[in-house]
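In this chain, residues are counted from 1 in sequence order. All values below were derived from every heavy atom in this structure, side-chain atoms included, with hydrogens, water molecules and symmetry-related copies excluded.
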Amino acid sequence: MLRWVALILIVTLVGLQLKLWSGSGGLREVDTLRVSLKKQTDENARLLQRNQALAADVLDLKHGEQAVEARARNELGLIKPGETFYQVDERPATAASVSLPPPPPAAPSAGAQ
């Protein structure tokens, strides 16, 4: 009789362990949900930071004339009346675009006849 009780308890323990490790709501699913939660938390923090930067930009544009002027200059290329616009090309010159004059012809030497 005691053997049967012990056997039933062991089988029940094994069944519960299987449910704990592999069943619905088991440790594997909990671990997957923790990883998913960590990813979502990181994404939310990144988006919150972006939203705060955008909100500061909107506030600056609403209340600051210099911000509007700077944005118009940078993004739209606008200039004030009376200003002169200079555009500087900062690309390095390549060998193909630089044309060098041809070398002068070699002078004949006096002793080479």
Side-chain angles (χ1 to χ4, degrees):
M1 176 76 175
L2 189 58
R3 283 187 168 174
W4 287 107
V5 172
L7 183 64
I8 291 173
L9 288 177
I10 289 175
V11 169
T12 305
L13 179 66
V14 169
L16 289 174
Q17 286 293 316
L18 285 174
K19 182 169 175 59
L20 174 68
W21 289 98
S22 63
S24 175
L27 292 178
R28 184 177 302 153
E29 186 176 343
V30 169
D31 189 42
T32 303
L33 289 174
R34 281 187 182 143
V35 169
S36 176
L37 178 66
K38 174 69 173 138
K39 286 180 184 177
Q40 190 63 50
T41 304
D42 293 344
E43 178 72 12
N44 288 350
R46 185 186 65 80
L47 291 174
L48 179 65
Q49 186 177 17
R50 189 191 87 192
N51 287 348
Q52 288 173 344
L54 289 173
D57 197 22
V58 166
L59 186 65
D60 194 29
L61 287 172
K62 282 184 178 179
H63 299 293
E65 189 175 307
Q66 290 177 342
V68 174
E69 182 181 331
R71 187 166 283 221
R73 287 178 180 270
N74 290 336
E75 293 180 6
L76 302 174
L78 298 179
I79 57 173
K80 288 183 180 178
E83 287 183 337
T84 305
F85 176 71
Y86 295 98
Q87 184 172 1
V88 179
D89 188 14
E90 296 183 5
R91 289 181 288 161
T94 60
S97 66
V98 177
S99 59
L100 297 175
S109 60
Q113 294 248 6

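Contacts of E75 classified as side-chain hydrogen bond (donor to acceptor under 3.5 Å, both in side chains), with partners at least two apart in sequence or in another chain: none. Every side-chain contact (heavy atoms from CB on, under 4.5 Å) that K80 has, sequence neighbours left out, goes to E69, R73, E83. The side-chain hydrogen bond (donor to acceptor under 3.5 Å, both in side chains) check on D60 picks up nothing, with sequence neighbours excluded. Taking the side-chain hydrogen bond (donor to acceptor under 3.5 Å, both in side chains) definition, one finds that D89 meets it with R91, sequence neighbours left out. In this view, A70 satisfies the side-chain contact (heavy atoms from CB on, under 4.5 Å) rule with no residue, not counting sequence neighbours. Applying the side-chain contact (heavy atoms from CB on, under 4.5 Å) test to R50 and every residue at least two apart in sequence or in another chain returns L47, L54. With sequence neighbours excluded, the residues that form a side-chain contact (heavy atoms from CB on, under 4.5 Å) with Q52 are L48.
Residue L78 is found in a hydrophobic cluster whose other members, listed by chain and number, are L76; membership requires side-chain heavy atoms under 4.5 Å apart, directly or through intermediates. V5 belongs to a hydrophobic cluster whose other members, connected by ILVMFWY side-chain contacts under 4.5 Å either directly or through intermediates, are L9. If you chain together ILVMFWY residues whose side-chain heavy atoms come under 4.5 Å of each other, V68 ends up grouped with L61. Here L16 is tied to no hydrophobic group at all, with no ILVMFWY side chain closer than 4.5 Å.
Listed by first then second residue, pairs satisfying salt bridge (charged side-chain N to carboxylate O under 4.0 Å, His left out) with a partner in residues 23-43 read K38-D42, E43-R46, not counting sequence neighbours.
Between the side chain of T12 and the main chain of I8, a donor-acceptor pair closer than 3.5 Å is present.
A distance of 10.5 Å separates OG1 in T32 from CG in L27, rounded to the nearest 0.5 Å.
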